[in-house]
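All values below come from the heavy atoms of this structure, side chains included, with hydrogens, waters and symmetry mates left out.
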Amino acid sequence: MLLGSIYFLRLLKGSTGHFKNHSKYSVSAVLRSCSQTKLQAFFFAKHLRNPCVVPHSHGAIQSWRFFSCKDLLESEQENWRACSAKYMAMTKRMKRRLEAHYDKYSSSLSSPVIRFGEYVYFEENGCIFRSKLGEIDEGNNEILLSTEALPFHNSLIQRIRICPDHRYMAVAIKSAHSEESACIVVKLDTLPKVECIIPNVFSFEWAAHEILLYTTQKNLQCHHVYLCDFNKKHSELVYTEHDARYFVDLYCTKDRRFLTINSSSKNSSEVWLVDCHHPFESPVLVQQRTEGVIYHIEHRNNELYILTTYGDPVGYKLMKAPVDSCGLENWLPIYTVKENTKLIDLEMFKDYCVAFLKFCGHLYLDIFSFVSNSVRNVKLPAWACSFELDPHPEYTASTFYFWLLSPVQPPVRFAYSLMKNSLTEHTEQEVPVTMNCHTVRLEAKSKDETCVPITVFHKANSKELRRMPLLVHVYGAYGIDLNMSFKAENLMLIKDGWILAYCHVRGGGELGLRWHKDGSTTKKHNGIQDLQACIKLLHELGYSQPALTALMSVSAGGVLAGALYNNDPHLIRAMVLQAPFLDVLNTMLDPHLPLTIEEQEEWGNPLVDETCKEYIQSYCPYQNIRPQNYPSAFITASENDQRIPLAGLLRYICKLRKAVQAFHAQDNCTKVKGLQMPNILLDVQPGGSHCAPSWDDSLNQASTQLAFLYKELGLDKRQ
């Protein structure tokens, strides 16, 4: 995936994924097999820049950052233990129901299979297996690695890379309680053995048979690229990024001709080429970074194919240039994504390029032929809201596979034949879920008359929608689309009569690059006004009412949700936030935090710009808390989350509670019939994961969030 290297598209999803592992093998058999392989670890520490095993390092932030809020944290944890008791019974019921839904809609799905040459590799229950192509179902599978045999607690396999001659495998292992990961390099002899473990690695690619390049991560930043030669047991630094706004990762072109070092900020990038035939030669710069120009590189027939934002109109274009003269002045446009269209991903094949696109809420493909220089347009089913491409499709393949899904539709696998120009559904279901759910696409007019898309789901043939509960989702930041992946809990909510509304506000990426720009930096109020317009339209059209409406968001989506919570508290009854960004101003004024400098292109730089500081202050959720009749709120967070400083959340909760108490202490409030004190709750879990807890933790979190919503909206009585 060419867009896989775009930094601002990196988003850790905050819910249980739809691919829940269900092994073809018993766990006991797997562990017996692992013990028989006697995996051995060898280290050449003096030759590697940072190679050692750090078994107890889970990426925790240094404790000095929490000295000032330790008492507040303990107080909040005690408060949560006391308050959570009244949700306990409902939480247990929700958990039982969610487990049933997860089992029902996940049991038929196995882990993705990755093909490298004549072998296929797949992961199940923390083990990596290898099988000859076509023999995966015959049981002749070789076990290569088990996380149980590694000195990491509760770890997840994130990435697999195989060297060209299949003698080495590199695997990314990440703790469920941290964002930092390690690279495990396994030598694939008759008896597979761990060659070394390199901690704090973000990305890696094989440049040649025994040559691995990798980036190191520190405090969420990647600025260094190293080359490791496993033949000579030698490691050296090959690239350093000196600008804190930029993030470095690696990508290997589909034809394996070049490895690219991608240094990207939020609005510009530059790429350096490493020749896989001569990996020890110095990297070659494609085009020096230019403000406002993002670009990414593929290769075919001695030409670079450049996916870039350069030129008019605003949006992505595919261009090409000779390898030997690849500067900007030689870029030749060959395909342009039309305006107001979201380029979701782009995949290169030998004679074709496939663009996955979204326009007006609908998904489709553009198939560009390098041979005929023509484009085919392929419409995808109207119910589809998102897609996932099978990992590592073969460069020479004539057919590629992908999954289509929606918040209420489990993944359906499709195959597209490039030669026959035909789309085929590969998943059979007895009763399509979409038949039991009605999908509506609306547009709300924002304050400046901009039309904002809304996607609504509710039970088919529902009557009296005004009496049904409404759950509104919003994000609106970094040019990232609102998460429209399948979640089994959504089907449970639909069955219970809930209406689900997804508001695609400015600041996100649903309508292309301009949509993002119109909701970032000094235009952040646009997204807030978009959200307000969406909720008002839903109520006007008879989709629920304020007393039955809840708002949900994660991470940076907390800015818009928290702003609406301050500005229009009467529109909702409850709010649920996961790891939310609520203290924007204080965070952006602290250059010592890991992401402050990097985030300036999204929020602005209040450190040097007083106008920017005043603008952030005008919408920042923490800054605008005031005594008023607030809805109930439930916030979840991780104690050591490096992206969202816990101190800011603790300050927010304390200030909010004081404002609520001040309002309800007024004489006139005591005389208002039915006016109740809202519940303001914060649940701080141990660990350092940001919106990506383990499967069990995610299940517990979803159960508690739903229990809170059912209680607050009075739905527990219906249950």
Side-chain angles (χ1 to χ4, degrees), residues 1-10 114-116 161 164 203-208 213 225 248-264 268-279 283-287 289 293-311 315-328 330-337 343-357 365-376 389-398 400 402 416 418:
M1 294 185 192
L2 190 57
L3 285 186
S5 64
I6 294 182
Y7 172 61
F8 62 77
L9 288 184
R10 289 187 294 116
I114 303 171
R115 177 181 173 182
F116 288 103
R161 293 292 185 268
S203 64
F204 49 83
E205 295 286 352
W206 293 99
L213 272 76
V225 179
V248 179
D249 70 352
L250 302 174
Y251 174 76
C252 188
T253 60
K254 290 294 294 293
D255 62 358
R256 299 198 63 86
R257 183 65 177 82
F258 291 103
L259 192 150
T260 66
I261 299 174
N262 311 289
S263 187
S264 306
S268 64
S269 66
E270 71 180 20
V271 178
W272 296 75
L273 299 179
V274 175
D275 189 336
C276 291
H277 294 171
H278 307 282
V284 176
L285 177 63
V286 175
Q287 168 61 43
R289 63 191 64 170
V293 176
I294 294 171
Y295 73 97
H296 307 273
I297 297 296
E298 260 294 354
H299 176 264
R300 175 183 178 271
N301 293 348
N302 205 36
E303 289 186 309
L304 297 183
Y305 284 81
I306 305 140
L307 181 65
T308 180
T309 60
Y310 173 68
Y316 276 102
K317 302 97 185 165
L318 185 63
M319 302 185 180
K320 68 177 182 177
V323 172
D324 295 333
S325 52
C326 55
L328 186 67
N330 296 313
W331 292 5
L332 177 66
I334 59 174
Y335 168 76
T336 299
V337 176
L343 175 62
I344 302 171
D345 209 339
L346 187 136
E347 187 69 41
M348 290 281 290
F349 295 92
K350 185 175 181 294
D351 294 322
Y352 297 90
C353 176
V354 181
F356 290 81
L357 304 158
L365 309 176
D366 269 357
I367 315 292
F368 180 83
S369 170
F370 295 119
V371 177
S372 63
N373 288 321
S374 60
V375 179
R376 303 176 199 157
L389 187 67
D390 267 12
H392 287 280
E394 286 288 297
Y395 178 60
T396 57
S398 59
F400 65 92
F402 58 94
Y416 183 83
L418 293 165

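- Residues satisfying the side-chain hydrogen bond (donor to acceptor under 3.5 Å, both in side chains) criterion with T336, sequence neighbours excluded, are absent altogether.
- Taking CG of L304 as the start and NZ of K320 as the end, the distance is 11.5 Å to the nearest 0.5 Å.
- For L328, the side-chain contact (heavy atoms from CB on, under 4.5 Å) criterion is met by Q287, Y310, W331, not counting sequence neighbours.
- The distance from the CZ atom of R376 to the CG atom of L365 is 11.0 Å, given to the nearest 0.5 Å.
- Scanning for side-chain contact (heavy atoms from CB on, under 4.5 Å) contacts around C252 gives E205, R256, with sequence neighbours left out.
- The side-chain heavy atoms of V354 and Y416, taken from C-beta on, include no pair separated by under 4.5 Å.
- The ring-ring contact (aromatic ring centres under 6.0 Å, His included) test applied to W272 returns Y239, not counting sequence neighbours.
- A pairwise comparison of heavy atoms in S203 and L250 identifies OG-N, 3.2 Å as the closest pair.
- In terms of the side-chain contact (heavy atoms from CB on, under 4.5 Å) criterion, residue partners of P333 (sequence neighbours excluded) are, by chain and number, M319.
- Evaluation of the ring-ring contact (aromatic ring centres under 6.0 Å, His included) rule for F258 yields H299 as partners, not counting sequence neighbours.
- Checked against side-chain hydrogen bond (donor to acceptor under 3.5 Å, both in side chains), S269 has no partners two or more places apart in sequence or in another chain.
- Taking both residues in full, the closest heavy atoms of C326 and N330 are given as N-ND2, 4.5 Å, listed atom of the first, atom of the second, then distance.
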* To do: List the steps, then state whether side chain to side chain contact (heavy atoms under 4.5 Å, CB included) holds for E347 with K254.
  => CA-CA 9 Å; E347 187 69 41; K254 290 294 294 293; 2.6 Å; yes
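- Side-chain contact between I297 and I306 is present, with at least one heavy-atom pair separated by less than 4.5 Å.
- Under the 3.5 Å distance criterion, the side-chain polar atoms of E270 are left unmatched by any main-chain donor or acceptor of L285.
- Here the side chains of I334 and N373 are not in contact, with every heavy-atom distance at 4.5 Å or above.
- Contacts of Y335 classified as ring-ring contact (aromatic ring centres under 6.0 Å, His included), with partners at least two apart in sequence or in another chain: none.
- Partners of R115 by side-chain contact (heavy atoms from CB on, under 4.5 Å), not counting sequence neighbours, listed by chain and number: V120, L133, E394.
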* Stepwise side-chain hydrogen bond (donor to acceptor under 3.5 Å, both in side chains) check, S264 with N262 -> CA-CA 6 Å; S264 306; N262 311 289; over 6 Å; no
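- Of the possible polar contacts, none joining the W206 side chain to the P164 backbone as a donor-acceptor pair under 3.5 Å is found.
- Summarising the geometry, atom CG belonging to N301 is positioned 9.5 Å from atom CZ belonging to F370; distances are rounded to the nearest 0.5 Å.
- Applying the ring-ring contact (aromatic ring centres under 6.0 Å, His included) criterion to F349, with sequence neighbours excluded, gives F400.
- Not a single side-chain hydrogen bond (donor to acceptor under 3.5 Å, both in side chains) links T309 to another residue, sequence neighbours left out.
- From K350, atom NZ reaches atom OG1 of T396 across 8.5 Å, with rounding to the nearest 0.5 Å.
- Across T308 and V293, no two heavy atoms sit closer than the pair OG1-CG1, 3.7 Å.
- Using bins of under 30°, 30° to 60° and over 60° for the plane-to-plane angle, the ring pair F356/F402 lands in the perpendicular bin.
- The heavy-atom pair separating P279 from C276 by the smallest distance is CD-O, 3.6 Å.
- Note that the OH atom of Y395 and the OG1 atom of T253 stand 8.0 Å from one another [nearest 0.5 Å].
- The minimum heavy-atom distance linking Y295 with V271 is given by the pair OH-N, 2.8 Å.
- Judged as a side-chain hydrogen bond (donor to acceptor under 3.5 Å, both in side chains), and not counting sequence neighbours, the contacts of D351 are R300.
- Residues D275 and V284 have side chains not in contact (no heavy-atom distance under 4.5 Å, counting atoms from C-beta outward).
- Looking at T260 and V274, their side chains never come closer than 4.5 Å, going by heavy atoms from C-beta outward.
- With values rounded to the nearest 0.5 angstrom, L332 atom CG is found 9.5 Å from Y305 atom OH.
- The shortest distance between side-chain heavy atoms of L357 and I344 does not fall below 4.5 Å.
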